[in-house]
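Take a look at the structure below.
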Amino acid sequence: MWSIKTFAHCKTEYQTGNKKPSGADLQKLFITQAKKTDERVWLSEVSNIPLQQSLNDLEQAYQNFFKSCKKERKGKPVRSPKFKKRRAAQSARYRLGGFKVCQASVYLAKIGQLEINKENWERWGQPFR
């Protein structure tokens with residue numbers, strides 16, 4: 001999985017004393033390059049937004065960790081980022097423009113229109129329209 005490789009790369013860079021690569025460098029190195037391999041061609045078929053958001057989350061976690069080490073961050077000390085296991089709750093986040101909420105459906109970029117059934121809508125605490 002590409003996110004495991006990204007996390008391992010950042011961890012190795014940190015442990016060897018090198019500067020952590022920027023988010024743009026990580027996107028070029030892992031998302032763009034992964035799309036060019038035969039086993040990851042399917043990444044071209046899905047939206048870039050959740051892929052980029054996961055790299056942004058990793059970068060933010062490292063920034064919080066480094067600021068905590070330098071005592072520049074208020075609050076409890078933050079540990080080094082850990083990789084989420086596959087069995088943990090899975091989610092994907094979209095930025096504005098990557099989704100659109102309609103009356104009884106949601107549009108997701110590169111996926112299309114998804115119908116929302118009444119039971120799920122009410123479980124989220126919203127009245128079904």
Side-chain angles (χ1 to χ4, degrees):
M1 182 168 210
W2 68 271
S3 55
I4 294 172
K5 290 181 181 179
T6 308
F7 178 72
H9 178 73
C10 288
K11 191 172 181 178
T12 304
E13 291 293 307
Y14 170 68
Q15 290 173 339
T16 57
N18 295 330
K19 187 176 178 184
K20 186 190 81 54
S22 70
D25 291 337
L26 289 174
Q27 286 181 23
K28 287 178 195 170
L29 189 63
F30 290 98
I31 296 176
T32 306
Q33 294 302 319
K35 287 181 179 182
K36 294 178 182 176
T37 64
D38 289 337
E39 66 257 0
R40 305 264 193 273
V41 151
W42 60 270
L43 285 174
S44 298
E45 299 171 9
V46 298
S47 176
N48 275 341
I49 298 169
L51 304 176
Q52 292 168 347
Q53 286 299 108
S54 65
L55 288 180
N56 292 342
D57 291 343
L58 179 61
E59 185 164 358
Q60 186 63 52
Y62 268 107
Q63 283 179 4
N64 290 341
F65 170 64
F66 292 132
K67 285 182 180 178
S68 182
C69 289
K70 296 176 188 174
K71 308 289 188 219
E72 294 176 359
R73 188 175 188 279
K74 295 180 181 178
K76 294 190 305 185
V78 177
R79 292 190 212 165
S80 143
K82 287 193 251 178
F83 187 74
K84 282 169 60 175
K85 296 181 178 157
R86 278 191 189 180
R87 294 175 196 231
Q90 300 294 309
S91 63
R93 289 194 347 254
Y94 283 82
R95 296 186 307 252
L96 286 175
F99 71 97
K100 182 179 179 183
V101 179
C102 302
Q103 278 195 331
S105 63
V106 175
Y107 172 82
L108 298 176
K110 283 201 172 179
I111 293 176
Q113 205 78 14
L114 300 173
E115 297 298 319
I116 301 173
N117 66 27
K118 186 177 178 180
E119 293 80 26
N120 284 341
W121 192 259
E122 290 172 350
R123 191 176 320 147
W124 294 337
Q126 301 293 322
F128 191 76
R129 299 178 212 159

Answer yes or no: is there a side-chain heavy-atom contact under 4.5 Å between L55 and I31?
-> yes

Of all residues at least two apart in sequence or in a different chain, which pass the side-chain contact (heavy atoms from CB on, under 4.5 Å) check with L29?
-> H9

Euclidean distance, T32 OG1 relative to L43 CG, rounded to 0.5 Å | 10.5 Å

side-chain contact (heavy atoms from CB on, under 4.5 Å) filter on K28, not counting sequence neighbours, yields none

Which residues pass the ring pair (Phe, Tyr, Trp, His ring centres under 6.0 Å) test with F66, sequence neighbours left out?
-> Y14, Y62

Listed once per pair and sorted, the salt bridge (charged side-chain N to carboxylate O under 4.0 Å, His left out) pairs that draw on residues 41-57, sequence neighbours left out | D57-R93

Least distance between heavy atoms, S47 atom then A109 atom | CB-O, 3.5 Å

Applying salt bridge (charged side-chain N to carboxylate O under 4.0 Å, His left out), which residue pairs with at least one partner in residues 58-67 are found, sequence neighbours left out?
-> none

Does Q33 have any side-chain contact (heavy atoms from CB on, under 4.5 Å) partners at least two apart in sequence or in another chain, and if so, which?
-> K36

Would you please name every residue forming a side chain to side chain donor-acceptor pair (under 3.5 Å) with T12, sequence neighbours left out?
-> none

May I ask you to test the Q27-Q52 pair for a side-chain heavy-atom distance under 4.5 Å?
-> yes

Using the test side chain to side chain donor-acceptor pair (under 3.5 Å), find all partners of Q53 that sit at least two apart in sequence or belong to another chain.
-> N56

With sequence neighbours left out, the residues meeting side-chain contact (heavy atoms from CB on, under 4.5 Å) with S68 are R73, P77, V78

Side chain to side chain donor-acceptor pair (under 3.5 Å) filter on Q63, not counting sequence neighbours, yields none

Using the test side chain to side chain donor-acceptor pair (under 3.5 Å), find all partners of Q113 that sit at least two apart in sequence or belong to another chain.
-> S105

